[in-house]
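For reference, the structure is listed below as structure tokens.
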Amino acid sequence: ERIDFPALREVGGALTVQGHEPWVPRVLSESIHVIPLFSVSLPALSRVGGRFWLNDNANLTLISLPALTSVSEFYIEDNSQLEVVHVPLLKTVGSESNRLKFGPGV
């Protein structure tokens, strides 16, 4: 499955995409279904005002953020199958402390 929000342009606060190992399809309740996440595509997203954290998504292979230019903090950690991170326009991460972290599984 995928996260795909083609019209989302800005997030004023934090944006987190966090999984839990192991990612296998299961039902937590009648209304909550957990499925593996394979891609995150936010083609219009240009700014995240807070932290953008992609963590612990065991099946995630692609992150596509082609319009992202600015984010306060950017963390990509523990995504063991991640092959592609497409963020060609990213120019600003944080301010004085420049918080950009790529952990294991990037």
Side-chain angles (χ1 to χ4, degrees):
E1 296 295 321
R2 67 178 188 245
I3 292 177
D4 187 13
F5 292 105
L8 180 64
R9 289 196 250 165
E10 185 171 319
V11 175
L15 177 59
T16 300
V17 179
Q18 183 171 10
H20 295 283
E21 300 276 353
W23 261 119
V24 294
R26 63 185 184 271
V27 176
L28 297 179
S29 73
E30 288 183 24
S31 62
I32 300 174
H33 299 266
V34 178
I35 54 175
L37 179 64
F38 295 99
S39 69
V40 173
S41 177
L42 304 169
L45 184 65
S46 64
R47 180 181 171 277
V48 177
R51 176 176 67 177
F52 191 172
W53 188 22
L54 294 118
N55 181 340
D56 204 17
N57 297 286
N59 296 311
L60 185 65
T61 60
L62 168 70
I63 298 168
S64 180
L65 308 165
L68 187 65
T69 59
S70 176
V71 61
S72 292
E73 299 176 46
F74 197 23
Y75 297 92
I76 300 175
E77 304 178 288
D78 299 321
N79 301 290
S80 59
Q81 300 298 312
L82 188 59
E83 297 173 1
V84 177
V85 178
H86 180 67
V87 194
L89 301 179
L90 185 61
K91 295 178 182 170
T92 306
V93 178
S95 53
E96 297 175 18
S97 61
N98 194 18
R99 297 180 179 176
L100 177 62
K101 179 180 180 184
F102 293 101
V106 175

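Values below: every heavy atom of this structure, side chains too, minus hydrogens, waters and symmetry copies.
- The CZ atom of Arg51 sits 5.0 Å away from the OG1 atom of Thr16 when rounded to the nearest 0.5 Å.
- Heavy atoms only, all atoms of each residue included: Asn59 and Phe38 are closest at O-CD2, 3.3 Å.
- Side chain of Thr69 to main chain of Leu89: no donor-acceptor pair is present (N/O by atom type, distance under 3.5 Å, no hydrogens or angles).
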Table please: side-chain donor-acceptor pairs of residues 4-11 below 3.5 Å, with sequence neighbours left out.
unit_1, atom_1, unit_2, atom_2, d
Glu10, OE2, Arg47, NH1, 3.0

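- Rounding to the nearest 0.5 Å places CD1 of Ile3 at 8.0 Å from CG of Leu54.
- Looking at Ile76, Val84, Val17, Asn57 one by one, the single match for side-chain contact (heavy atoms from CB on, under 4.5 Å) with Ile63 turns out to be Ile76.
- For the residue pair Ala58 and Ser80, the shortest heavy atom distance occurs at O-OG, 3.6 Å.
- For Asp78 (side chain) and Asn55 (main-chain N/O), no donor-acceptor pair under 3.5 Å exists by modelled atom type.
- Between Phe52 and Phe74, the two ring planes are tilted [angle within 30° to 60°].
- Taken together through direct or relayed side-chain contacts under 4.5 Å among Ile, Leu, Val, Met, Phe, Trp and Tyr, Tyr75 and Leu62 form parts of separate hydrophobic clusters.
- Annotation: side chain of Leu45 is in contact with side chain of Leu15 (closest heavy-atom distance under 4.5 Å).
- Listed here is the closest heavy atom pair of Gly49 and Ser72: O-OG, 2.5 Å.
- Judged by distance alone, the side chains of Glu73 and Trp53 never bring a donor and an acceptor atom under 3.5 Å apart.
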Please report the C-alpha distance between Leu68 and Leu42 in whole Å, then the side-chain angles of each, then the deciding distance to 0.1 Å, and finally whether the side-chain contact (heavy atoms from CB on, under 4.5 Å) criterion is met. CA-CA 9 Å; Leu68 187 65; Leu42 304 169; over 6 Å; no
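- Rounded to the nearest 0.5 Å, atoms OG (Ser41) and NE2 (His86) are 9.0 Å apart.
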